[in-house]
Structure formats: C-alpha cells, structure tokens
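This chain uses plain numbering: 1 for the first residue, then up along the sequence.
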Amino acid sequence: MGNSSRMTSFQRREQLIEVGRALFAAKGFEATSVEEIATNAKVSKPIVYEHFGGKEGLYAVVVDREMQTLTNALATALAEPSEHPRQIVERAALTLLTYIEEHTDGFQVLVRDSPSTDPAGSFYSLLGDVSIRVEDLLTEAFKKQHLPARGVPYYAQMLVGMTVFTGQYWADRRKVGKEQLAAYIVDLAWHGLSRLSPRPELRYESEKARREASRAAERAAKETARDAQRNGGADAGAGAAGTIPAAASSDGPAADDASAAISTVSIVSTKPVQPSQPASRTAKDTAGKVRHTEGLTDSDLL
C-alpha cells in the first residue's frame with residue numbers, strides 16, 4: 001500500500017470506482033465485500049469507507065455513472081423524430097451495442113442483481129424512460145399508417161426488451177460483430193413493424209380459433225356419417241342381389257331347384273320376345289305334342 005500517497009483524493013476515488021465496477025460486474029453486489037474492494041485497490045478498508053461510506057455508496061456511484069452514460073447516448077440516438085423510422089431503429093440498436101462493447105462491466109452491473117436499497121434511477125427505470133420515448137415515436141408512425149394506437153405501449157416494450165436482452169446475450173457471446181447483430185435486430189423489428197395488422201389475432205390458439213376448429217370437426221364428422229350411410233345402403237342392395245347365387249352354391253335338391261330357377265330366369269330374361277301367336281295355333285301344337293307322347297314309356301321320355 002506504499003503507492004497510496006502517490007494518488008490524489010480524486011485519483012483514489014476514481015480507482016476505487018473502477019475496482020468496484022469490475023467486482024460488481026463479475027460477482028454482483030451481494031457477493032462483493034468491502035475487504036475485497038480494498039484488497040484489489042491495494043488500500044485499507046477505512047479508505048473505502050472514507051470515500052463512499054461503505055459498499056452501498058460505492059455501488060450507487062457506479063450505477064449512477066453508467067446510467068448517465070447510457071441515458072445520454074440513447075437520448076442522442078432518439079433525438080431526431082423527423083428522420084426515417086428505420087434509421088432511428090438502427091441508430092438506437094447500434095447505440096446500445098456500442099455502450100455494451102465499450103462499457104461491458106458497467107452494463108453487467110446494470111443488468112445484474114441489485115441491493116434492496118437500489119435507488120429509483122436503476123437500469124430498469126431507464127428502460128422505462130426509453131420505452132416511453134419509443135412509444136412517442138411509434139405513435140406518430142402508427143398515425144401515418146392509420147393503425148390503432150392501443151397496442152403502441154406494448155410494441156414499445158417489445159422493441160426495447162428485445163434489443164436489451166439480445167445485447168445481454170451478445171455481451172458474453174460475441175460471435176458476430178456489432179453492426180451484424182444490429183442488422184439482425186433491425187431486420188426482425190422493422191419487418192415486424194412494417195407488416196402490422198390493424199386487428200392482430202391468434203390464428204390457431206385463440207378461443208375463437210378453437211371454436212371454429214371444433215365446428216369444422218363436427219361438420220366433417222357429419223359428412224363422414226352421411227357417406228357411411230350412403231355406402232351402407234349401396235352395400236345392402238348389392239348383398240341382396242347376391243343372395244341367389246349364394247344359395248345356388250349349396251348342395252342338395254334345393255340347390256338344384258335354385259339352379260334351375262336361375263337358369264330359367266336367365267333364359268327368360270335373355271330370350272328375345274316372340275310375337276304372340278293365335279290361341280288356335282297354340283292349342284293345336286299342344287294337342288299334337290300330347291298325341292306324339294302317348295304310348296311312350298318313362299325310359300323313352302328320358
């Protein structure tokens with residue numbers, strides 16, 4: 001600790017802020033102790049208490065500084081409402097990602113756990129302020145597009161939340177560059193905003209959709225039942241027509257009689273209809289046949 005005399009009070013304060021920011025970012029407020037802060041700064045614990053009154057005071061200063069830096073940057077990014085809306089979205093996304101890139105520890109402090117005595121000017125209160133500004137911009141854009149403004153506050157929260165949580169993920173996994181990630185964010189946000197429906201609704205999971213699906217299922221079931229009835233009637237008719245051949249396939253005298261009946265029916269149905277003959281000729285033919293068979297035995301007839 002021999003170097004403590006080489007720093008002015010201002011320099012020592014700045015050093016403690018830097019050390020505290022890094023520890024709060026890495027471990028969080030609760031897991032960081034005054035002793036750990038003093039050890040990393042190579043000073044005694046009383047020096048920390050002298051400048052900040054304790055861990056809470058140092059944490060409040062760190063948060064206040066980061067809030068000021070980010071607030072000023074976002075205010076500048078959103079300061080020109082007359083510009084093209086896409087340009088505003090692009091600038092806001094890049095501004096947040098630039099802050100994360102250049103103040104990584106500060107961003108981690110803002111999004112990590114905070115003490116119960118955290119002042120009202122917290123990161124989430126800042127996001128609320130930013131959302132209100134975005135809401136103002138969206139309101140103007142919705143008017144131009146003749147869209148209802150009822151959903152504007154929610155859309156503003158979605159845009160801010162999407163950007164912040166994506167940035168938080170990127171802070172630990174920087175596999176793409178800042179501008180590429182900003183392009184991803186803007187692509188999703190812009191194409192979503194440019195295709196907003198005046199009356200958005202759930203297509204599959206809403207109560208209305210389920211009722212319509214239920215009615216469609218009932219209609220389909222009725223159609224299936226009607227088809228089954230029609231097919232059943234046709235099958236019954238086909239079954240009735242097929243009962244005679246089935247009987248003919250049996251053995252015995254009854255089967256022979258049935259077979260003979262079928263043959264007779266077939267002959268009658270296929271034989272050309274002859275012109276009706278005079279009754280006298282029919283009677284003569286019948287009498288001749290009787291006389292011709294008189295005197296013949298049964299064996300002759302067979």
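Under 4.0 Å is where a charged nitrogen must lie from a carboxylate oxygen, and between Arg86 and Glu90 at least one such pair does. In this structure, Lys178 does not pair ionically with Glu102, as no charged nitrogen and carboxylate oxygen lie closer than 4.0 Å. Between Glu101 and Arg174 there is no salt bridge, since no side-chain N of the basic residue sits under 4.0 Å from a carboxylate O of the acidic one. Between Arg215 and Glu218 there is no salt bridge, since no side-chain nitrogen of the basic residue lies less than 4.0 Å from a carboxylate oxygen of the acidic one.
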Report the C-alpha separation of Leu181 and Leu97 in whole Å, then their side-chain angles, then the decisive distance to 0.1 Å, and conclude whether the side-chain contact (heavy atoms from CB on, under 4.5 Å) test is met. CA-CA 8 Å; Leu181 180 60; Leu97 296 180; 3.8 Å; yes
Go through the steps to decide whether Arg12 and Gln15 satisfy the test side-chain hydrogen bond (donor to acceptor under 3.5 Å, both in side chains), and finish with yes or no. CA-CA 5 Å; Arg12 179 62 66 194; Gln15 181 208 20; 2.3 Å; yes
Evaluate Asp129 against Arg133 for side-chain contact (heavy atoms from CB on, under 4.5 Å), listing each step before the verdict. CA-CA 7 Å; Asp129 294 339; Arg133 183 71 187 106; over 6 Å; no
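Linking ILVMFWY residues whenever their side-chain heavy atoms come closer than 4.5 Å, directly or via other members, places Leu74 and Ile100 in the same cluster. A single hydrophobic cluster is not seen to contain both Val186 and Tyr99; linkage of ILVMFWY side chains at heavy-atom distances under 4.5 Å, directly or through other members, places them apart. No continuous path of ILVMFWY side-chain contacts below 4.5 Å connects Trp190 to Val152, so the two sit in separate hydrophobic clusters. If you chain together hydrophobic residues whose side chains sit under 4.5 Å apart, Tyr124 and Leu159 fall into the same group. One hydrophobic cluster, built from ILVMFWY side chains closer than 4.5 Å, cannot hold both Ile132 and Tyr155; they sit in different ones.
Panel note: side chain Ser214, backbone Arg210; no donor-acceptor pair is recorded below 3.5 Å. Under the 3.5 Å distance criterion, the side-chain polar atoms of Gln145 are left unmatched by any main-chain donor or acceptor of Phe142.
Within the 4.5 Å cutoff, no side-chain heavy atoms of Val48 are placed close to those of Lys55. The shortest distance between side-chain heavy atoms of Arg21 and Glu66 falls below 4.5 Å. Within the 4.5 Å cutoff, no side-chain heavy atoms of Val19 are placed close to those of Leu58. Between Ser206 and Arg211, every side-chain heavy-atom pair lies at or beyond the 4.5 Å cut-off.
Around CD of Glu50, the count of heavy atoms belonging to other residues, nucleotides or ligands within 6.0 Å exceeds 12. Heavy atoms from other residues, nucleotides or ligands lying under 6.0 Å from CD of Gln87 number more than 12.
Between Tyr59 and Phe29, the angle of the ring planes goes over 60°, which puts this pair in the perpendicular group of the 30/60° scheme.
With no hydrogens or angles considered, no side-chain donor-acceptor pair links Gln68 and Arg65 at under 3.5 Å.
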